Amino acid sequence: MRIVNDIAVALATYLEEDTSDVVMNLASPPRPEMGDVAFPCFRLAKRFRKSPHDIANNLKKHFEADECSDTVELLTKIDRIETAGGYLNFFIRRDFLAQSIMRESIESGGRPGKSCEGEGKTVIVEYSSPNIAKPFHVGHGFSTFLGEAIANLYEYAGYKVERFNHLGDYGTQFGKLIVAWKLWGDIDALEASPIDELTRIYVKFHDVAETKPELEDEARAAFGRLEQGGKEETTLWQRFRDVSLREFNRIYERVGIHFDNTNGESFYSPLIAAVVDELEKKNLLVESDGAHVVNLEEFDLNPCLILKSDGSTIYASRDIASIFYRRREYNFDRNIYVVGIPQKNHFNQVFAVVEKMGFPNPESNVHVAFGTVKFADGAFSTRTGNVIILEDLLDTSVAKTRAIIETNNPTMEPSEIDGIAEKIGVGAVRYTFLRNGRERDIVFSWDDVLDFEGDSAPYLLYTVTRCVSLERKAPESLLERADNISDGELGLLVSDEEQELLKEISRFPHSVLSAREAHEPSVIMRQIMAIARSFNTFYHNAQILRAENEALGAARLVLAQAVGRTISAGLRIAGIEPVEKM
RNA sequence: GGGCAUAUAGCUCAGUUGGAUAGAGCAACAGCCUUCUAAGCUGUCGGUCGUAGGUUCGAGUCCUACUAUGCUCGCCA
């Protein structure tokens, strides 16, 4: 809020400090009855050789006696100033607070906290990145939903975003699949349910390889032939890839995610030779135990393996090649990898290698790491079939949502229920991946994901429907008055609960900024949750459409509209589409 | 063994650049639907912030050591 800055300017003058330093020190008191803006005076005690309490009192006197026109103007917006311990607490006039927050909200419309900082800049966000021929489980859901939210955040700030899906479509595992397919593949099963069939033979491969380790050698050989362009291997690989993509695309379509680039590892593989040349030219490649590595002691990292001892490539070399490719083709300002924490070391190495190769702005490559989804007794494992398929989770969540709607809203048309249940059910799942700090592991629990009360997407969506419903039911005259609301009417929002709600709304734009800077959508989720809780308390205690008088009713309706707009904006950044009824 | 994380209420988690009495949700218990949607609201219960030191006017937050857990450390991705 501007007034916070105005207060800082005045304080900075008295203290002969930079305004920005004072702004840094201004804080929100822990409880509303202590004021709206607080200035702690403790750190000034040494300089003035006085107690913080006395300094606060002196500042208060300065403030109230100041005849500078700006300060006089400022004081008309301040109800009173109090000192408490070493704190100087400002109480902003409630009517002014309501006006200024609501005007700002109305002006920002449906995109509060938007910005144009990214104008003309390009950001690549790589996320989802499932492995071909393997089930799309809830672990991939984490990367998919987190990555989409981060991509949305950059778009919200005006960046041009390129969504990359770095498909895991290469490597020794495909040798295994080719060998397994030739031994046990069932063409009809592949057509009917591709991932299930590929998983079946993949699991069987590992079972049998326990007793017949020579299968592993056959698999390496098969991948070798694939890399050399062997006809039979390439045909099979292409087929596995196609059927897998069909399944993945069904999921992406369902959750409304569309990638701009789906080049997988196979795409980058042919580009590695040039990287190796470059490394050799710069004398960075060192032979070690028959393999070729880049030493990274100066980064306090272990050597990065570039070529295996048999001369074939490895994932680090593919990632390095991809960075140069992306630089060349997209000239990105930032290149973001939404990939799990276990690959932290890998990305540190990859980024260090490109830096050593003279990559400009190496810090533009960022690994946005996230935690592991696992069961209480350990991690997911495709090999043992111990996973939760994302689609199954979505289906279960949607089914539960539908059952609740049918109970609560028996008159709703079945066709309408379908659409709404899908949005809420999918939204509930997405929210569970975005509500907490991304680096936390998630221990999967059906009860937890399917809990639609309290800290959940349905709670947020429910709050939005309340706001929308008010608008739907408001009489024409009230709506008209709300559309042309005056400052005087907005100034009626002075109750404790209205003021609390206003302050929560005013914090939303900053949460968007913090979320983007930290690549942490959870910051926004928490803020809209705070708005929702605050609104529901207000809604429960105050009459809106039947307020004591029409002026107050109109002001409250405008407040509810702001709540709906702001929560919806936050949900959309998270990829969750609001509904009007539920 | 080296490196990187994490440790806050019974459970899942927040906690701004160090600031006032550490907060939510879930669970448990007690209430609130003839009133704008009860997927809601109100209240109660619940804490040596892993341990021990240190820095500071002030530490959940910063520093050091230790403990526990997880991940990672060249020929998988």
Side-chain angles (χ1 to χ4, degrees), chain A residues 24-25 27-31 34 38 40-43 45-46 51-52 84-87 89 129 131 168 170-173 176 265 288-293 300-316 318-319 339-346 348-349 369 371-372 374 379 401 404-405 407-409 424 428 432 435-437 439-443 445 447-448 451-463 465-467 469-474 510 514 522-523 526 529-530 532-533 536-547 553 556-557 560 581-582:
Chain A
M24 294 268 286
N25 281 286
S28 295
R31 287 193 312 283
M34 301 164 106
C41 303
F42 306 96
R43 70 187 173 84
K46 258 184 197 154
S51 75
Y87 289 90
N89 291 329
S129 309
N131 290 322
Y170 225 52
T172 316
Q173 52 179 327
K176 294 179 183 176
E265 295 173 76
S288 165
D289 294 334
H292 288 78
V293 304
D300 288 321
L301 291 168
N302 290 320
C304 181
L305 186 69
I306 302 291
L307 289 175
K308 296 191 269 192
S309 46
D310 66 0
S312 62
T313 65
I314 189 163
Y315 62 109
R318 292 197 272 274
D319 274 333
V339 179
I341 291 176
Q343 296 202 44
K344 192 136 216 146
N345 184 61
H346 163 70
N348 284 340
Q349 288 186 325
T372 306
K374 52 191 179 186
T401 305
I404 294 173
I405 296 175
T407 309
N408 292 353
N409 231 331
I424 299 174
T432 62
R435 64 200 265 204
N436 292 330
E439 300 214 2
R440 285 199 102 94
D441 288 348
I442 295 179
V443 176
S445 136
D447 286 347
D448 203 27
D451 182 2
F452 292 170
E453 291 171 14
D455 185 9
S456 68
Y459 179 94
L460 293 165
L461 292 165
Y462 183 74
T463 308
T465 64
R466 281 183 152 175
C467 299
S469 170
L470 284 167
E471 227 169 322
R472 203 163 41 223
K473 295 203 170 162
H510 186 255
S514 307
S522 63
V523 174
R526 291 218 175 76
M529 186 55 67
R533 271 199 291 269
N536 283 322
T537 298
F538 160 71
Y539 177 88
H540 186 259
N541 294 326
Q543 300 279 325
I544 297 167
L545 301 183
R546 286 164 218 161
R556 285 178 174 168
L557 183 58
K581 289 187 217 166
M582 60 190 279

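Computed from a predicted structure; not experimentally measured.
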message: Please convert RNA chain B into dot-bracket. A pair counts if it is Watson-Crick or G-U wobble with both distances under 3.5 Å; crossing pairs go in [ ] and bases paired with another strand get |.
response: (((((((..((((.....[...)))).(((((.......))))).....(((((..]....))))))))))))....

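Separation of the P atoms belonging to B:C11 and B:G47 is 12 Å when rounded to the nearest angstrom. The separation of B:U72 from B:A27, taken at their C1' atoms, amounts to 36 Å, rounded to a whole angstrom. Comparing the same atom, P, in B:A52 and in B:G70 gives a spacing of 24 Å after rounding to whole Å. The separation of B:G50 from B:U69, taken at their C1' atoms, amounts to 11 Å, rounded to a whole angstrom. Rounded to the nearest Å, the gap between the P atom of B:A28 and that of B:C75 is 50 Å. Look at the P atom in both B:C49 and B:G23: the space between them is 14 Å, to the nearest Å. A distance of about 42 Å separates the C1' atoms of B:C32 and B:G18, rounded to the whole Å. Here the separation of B:G15 from B:A20, taken at their P atoms, is 15 Å to the nearest Å.
With the nearest nucleotide of RNA chain B identified for both A:Pro40 and A:Asn408, A:Pro40 has the one nearer the 5' end. Checking A:Ile405 against A:Val443, the closest nucleotide of RNA chain B that is more toward the 5' end is the one next to A:Val443.
If you take CG on A:Asp455 and OG1 on A:Thr432, they are separated by 10.5 Å, rounding to the nearest 0.5 Å. In this structure, CD in A:Gln349 is found 6.5 Å from CG in A:Asn302, a value given to the nearest 0.5 Å. For the atom pair CG of A:Leu460 and OG1 of A:Thr465, the computed distance is 11.0 Å after rounding to the nearest 0.5 Å. A:Ile314 contributes atom CD1, which lies 14.5 Å from atom OH of A:Tyr170 (distance to the nearest 0.5 angstrom). Atom-to-atom distance recorded for A:His292:NE2 and A:Ser309:OG is 10.0 Å, nearest 0.5 angstrom.
Atom CD1 in A:Ile442 sits about 19 Å away from atom P in B:C11, given to the nearest Å. The nearest whole Å value for the distance from the CD atom in A:Glu439 to the P atom in B:A7 is 11 Å. Protein atom NE2 of A:His510 is 8 Å distant from nucleotide atom C1' of B:U16, rounded to whole Å. Atom CZ in A:Arg440 sits roughly 5 Å away from atom P in B:C13 (whole-Å rounding). In this structure, A:Asp300 places its CG atom 16 Å from C1' of B:G1, rounding to the nearest Å. For the pair A:Asn436 CG and B:A24 P, the computed distance is 17 Å after rounding to whole Å. The CZ-P distance, from A:Arg43 to B:U17, rounds to 16 Å in whole Å. Following rounding to the nearest Å, A:Asp448 (CG) and B:A39 (P) show an atom-to-atom distance of 20 Å.
B:C33: glycosidic angle within 90° of 0, hence syn. Base orientation of B:G58: anti, the glycosidic angle falling outside 90° of 0.
If you check every strand for non-hydrogen atoms under 4.0 Å, A:Arg31 touches a base. A:Asn89 comes within 4.0 angstrom of a nucleotide base, judged by non-hydrogen atoms across all strands. Residue contacts shown for A:Met529 are absent, as no nucleic acid heavy atom lies under 4.0 Å away. Residue A:Lys46 is in sugar-phosphate contact alone, with no base atom involved, counting any heavy-atom pair closer than 4.0 Å across all strands shown. Counting non-hydrogen atoms under 4.0 angstrom, A:Pro29 reaches a base of the nucleic acid. Residue A:Ala530 is classed as having no contact, given no heavy-atom separation below 4.0 Å to the nucleic acid. Residue A:Gly85 is classed as having no contact, given no heavy-atom separation below 4.0 Å to the nucleic acid.
Ranking B:A5, B:A20, B:U35 by closeness to the A:Arg546 side chain, first place goes to B:U35. The side chain of A:Arg526 has B:C13 as its nearest neighbour among B:C13, B:C57, B:A20. Of the candidate nucleotides B:A39, B:A20, B:C57, B:A39 has the atom nearest to the side chain of A:Glu453.
Under the 3.5 Å distance criterion, with hydrogens and angles disregarded, a donor-acceptor pair is assigned to the side chains of A:Asn536 and A:Thr463. In this structure, a donor-acceptor pair under 3.5 Å is present between the side chains of A:Ser312 and A:Asp310.
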N/O contacts under 3.5 Å, protein versus nucleotides 41-45 of chain B?
residue	atom	partner	partner atom	Å
B:C41	OP1	A:Tyr459	OH	2.6
B:C41	O2'	A:His540	ND1	2.8
B:U42	OP1	A:Thr537	OG1	2.9

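Using modelled atom types, no side-chain atom of A:Asp441 and backbone atom of A:Gly371 make a donor-acceptor pair closer than 3.5 Å. At least one donor-acceptor pair closer than 3.5 Å links the side chain of A:Ser445 to the backbone N or O of A:Asp448. Side chain of A:Asn89 to main chain of A:Ala38: no donor-acceptor pair is present (N/O by atom type, distance under 3.5 Å, no hydrogens or angles).
A:Arg526 is listed as a side-chain neighbour of A:Asn436, based on a closest heavy-atom distance under 4.5 Å. Side-chain atoms of A:Asp319 and A:His346, non-hydrogen and from C-beta on, do get closer than 4.5 Å to each other. Looking only at side-chain heavy atoms (C-beta outward), A:Gln343 and A:Ile341 stay at 4.5 Å or farther from each other.
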task: Give the B/S/- string for nucleotides 67-75 of chain B, one per nucleotide from 5' to 3', where a protein heavy atom under 4.0 Å of the base yields B, of only the sugar-phosphate yields S, and otherwise -.
output: ----SSSBB

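Considering only side-chain N and O atoms, A:Lys344 lies nowhere under 4.0 angstrom from the phosphate OP1 or OP2 of B:A5.
Here A:Arg466 does not pair with A:Glu471 in a salt bridge; the nearest charged N to carboxylate O distance is not below 4.0 Å.
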- prompt: What's the verdict on side-chain contact (heavy atoms from CB on, under 4.5 Å) for A:Asn409 and A:Met582, showing C-alpha distance, side-chain angles and the deciding distance?
  reply: CA-CA 8 Å; A:Asn409 231 331; A:Met582 60 190 279; over 6 Å; no

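One cannot find a donor-acceptor pair under 3.5 Å joining the base of B:A14 and the side-chain atoms of A:Asp455.
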